[in-house]
Amino acid sequence: MVKILPRNFYIRPTLTVAYDLLGARLVRIFEEVRLAGTIIEVEAYISEEDLACHAKSGKTKRNEVMYGPPGHAYVYFTYGMHWMLNVVTEREGYPAAILIRAIKVSEGADIVAFRRQGGETNGPGKVTQAFGINGSLNGACLCDPASGLWIEAGTHPAQSDIITGPRVGLKTVPEPWKSIPWRFRYRR
DNA sequence: AGCACGATGCTCT
DNA sequence: GAGCATCGTGCTT
């Protein structure tokens, strides 16, 4: 029996949701094929206070989905070539989201492409590439299977199997945000 | 194994 | 015009 994570899952504090997403299963219907993978690495971006968060300068056209209701996808384009997949958390009006940085592919043709790496993607750009995720999914509802993108409950790892550390790629972000341990990873 | 760098285009100042 | 929540390559240890 499939259990799609409901909106109530996402409305909780972002760090709690990030922690709970480890072990959950990201599912994508792409060209009528079901692709799925276990979420193994995430990062939290929380509020206008967080100077690494896109919401640091307030609401803009780009980040407006983060201000919307929880349980939606925030997908943005960066470095001229990469799409990033985030899930929106907390109450509507409070900008926060979780970046899906890595998954272990378990279903779908793309498993072949990642088999050499043990089925794992190794960066957020690889997740979106593997699952055919782009800007057309920005704002998509993860609680509605019609969107073709959702998350199902999985087996959560034990606390001792989770590594916490600073978020990746924040070059010019001031402290404490640059080093705050808001990255969660399932130990290999 | 680790670091430096270029690709490439969109967003915000 | 600067900077970017990245990735692959090519070079150094």
Side-chain angles (χ1 to χ4, degrees), chain A residues 10 13-22 24 26 28 35 37 39-68 70-90 94-105 110-140 142 149 151 162-188:
Chain A
Y10 299 99
T14 305
L15 294 179
T16 304
V17 178
Y19 181 84
D20 285 352
L21 277 176
L22 294 176
L26 181 70
R28 166 78 168 132
L35 310 174
I39 296 171
I40 57 177
E41 184 178 351
V42 298
E43 283 175 0
Y45 291 86
I46 309 173
S47 89
E48 297 178 351
E49 309 279 306
D50 174 7
L51 295 182
C53 182
H54 285 172
K56 66 178 185 291
S57 302
K59 189 174 181 177
T60 67
K61 182 77 174 178
R62 180 205 211 188
N63 68 24
E64 64 183 355
V65 172
M66 268 204 292
Y67 286 79
H72 287 248
Y74 169 43
V75 182
Y76 70 89
F77 187 70
T78 192
Y79 290 107
M81 60 190 89
H82 298 295
W83 294 100
M84 301 286 115
L85 171 64
N86 301 253
V87 302
V88 176
T89 57
E90 314 230 17
Y94 185 90
I98 296 164
L99 172 68
I100 308 297
R101 285 196 59 88
I103 57 177
K104 180 163 185 155
V105 180
D110 293 70
I111 294 176
V112 176
F114 290 97
R115 191 160 280 158
R116 279 169 295 178
Q117 310 169 37
E120 295 185 11
T121 65
N122 60 359
K126 304 287 264 319
V127 172
T128 55
Q129 185 181 33
F131 276 19
I133 292 167
N134 60 31
S136 69
L137 282 164
N138 188 38
L142 301 175
L149 182 66
I151 301 176
I162 295 176
I163 297 171
T164 302
R167 295 170 292 182
V168 174
L170 311 183
K171 295 179 179 54
T172 64
V173 174
E175 300 290 1
W177 310 108
K178 186 185 176 88
S179 301
I180 197 167
W182 285 357
R183 172 176 178 244
F184 302 90
R185 178 167 179 102
Y186 197 142
R187 182 155 56 185
R188 206 175 305 246

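Keep in mind the model is a prediction, meaning the values are calculated, not measured. Per chain, numbering begins at 1; letters A, B, ... match sequence-line order.
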**Q** Any chance you could list the contact pattern along nucleotides 7-13 of chain B? Use B for base contacts, S for sugar-phosphate-only contacts and - for none, protein heavy atoms under 4.0 Å, 5' to 3'.
**A** BBBSSSS
**Q** Among Ile39(A), Asn86(A), Leu21(A), whose side-chain contact (heavy atoms from CB on, under 4.5 Å) with Ile98(A) holds?
**A**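 For Ile98(A), the side-chain contact (heavy atoms from CB on, under 4.5 Å) check succeeds only for Leu21(A).
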**Q** Please report the closest heavy-atom contact between Glu48(A) and Leu51(A), naming both atoms and the distance.
**A**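 Looking at all heavy atoms of both residues, the closest pair is O-CD2, 4.5 Å.
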**Q** Leu170(A) near the nucleic acid: base, sugar-phosphate alone, or nothing, with a heavy-atom cut-off under 4.0 Å?
**A**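 Answer is sugar-phosphate: Leu170(A) comes under 4.0 Å of backbone atoms only.
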**Q** Taking all non-hydrogen atoms of both residues into account, name the closest pair between Pro166(A) and Arg183(A) and its distance.
**A**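 Closest approach of Pro166(A) to Arg183(A), heavy atoms only: O-CD, 3.3 Å.
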**Q** Let's go through Arg167(A) and Trp177(A) carefully: what are the C-alpha distance in whole Å and the side-chain angles of both, what is the deciding distance for side-chain contact (heavy atoms from CB on, under 4.5 Å) to 0.1 Å, and is it a yes or a no?
**A** CA-CA 9 Å; Arg167(A) 295 170 292 182; Trp177(A) 310 108; 3.9 Å; yes
**Q** Between Ala18(A) and Val42(A), what is the shortest heavy-atom contact and its length?
**A**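 Looking at all heavy atoms of both residues, the shortest contact is O-CG2, 3.6 Å.
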**Q** With side-chain contact (heavy atoms from CB on, under 4.5 Å) as the test, would you mind laying out the steps for Leu26(A) and Val127(A) before giving the verdict?
**A** CA-CA 10 Å; Leu26(A) 181 70; Val127(A) 172; 4.2 Å; yes
**Q** What are the two closest non-hydrogen atoms of Ser47(A) and Cys53(A), and how far apart are they?
**A**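 It is O-CB, 3.6 Å.
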**Q** Should stems be defined as at least three consecutive Watson-Crick or G-U pairs with both distances under 3.5 angstrom, which of them involve DNA chain C?
**A**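 Detected stem regions: B:1-7 with C:6-12, B:9-12 with C:1-4.
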**Q** Decide if atom CD of Glu175(A) counts as having more than 12 heavy atoms of other residues, nucleotides or ligands within a radius under 6.0 Å.
**A**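 Atom CD in Glu175(A) is packed in, count exceeds 12.
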**Q** Could you walk me through whether Val75(A) and Met84(A) satisfy the side-chain contact (heavy atoms from CB on, under 4.5 Å) test, starting with their C-alpha distance in whole Å, then the side-chain angles of each, then the deciding distance to 0.1 Å, before giving a yes or no?
**A** CA-CA 5 Å; Val75(A) 182; Met84(A) 301 286 115; over 6 Å; no
**Q** Which two nucleotides bound the region of DNA chain C that has atoms under 4.0 Å from heavy atoms of chain A, read 5' to 3'?
**A**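 With heavy atoms of chain A under 4.0 Å away, the range is dC4(C) to dG8(C).
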**Q** Apply side-chain contact (heavy atoms from CB on, under 4.5 Å) to Asn63(A) and Tyr76(A), showing your working.
**A** CA-CA 8 Å; Asn63(A) 68 24; Tyr76(A) 70 89; over 6 Å; no
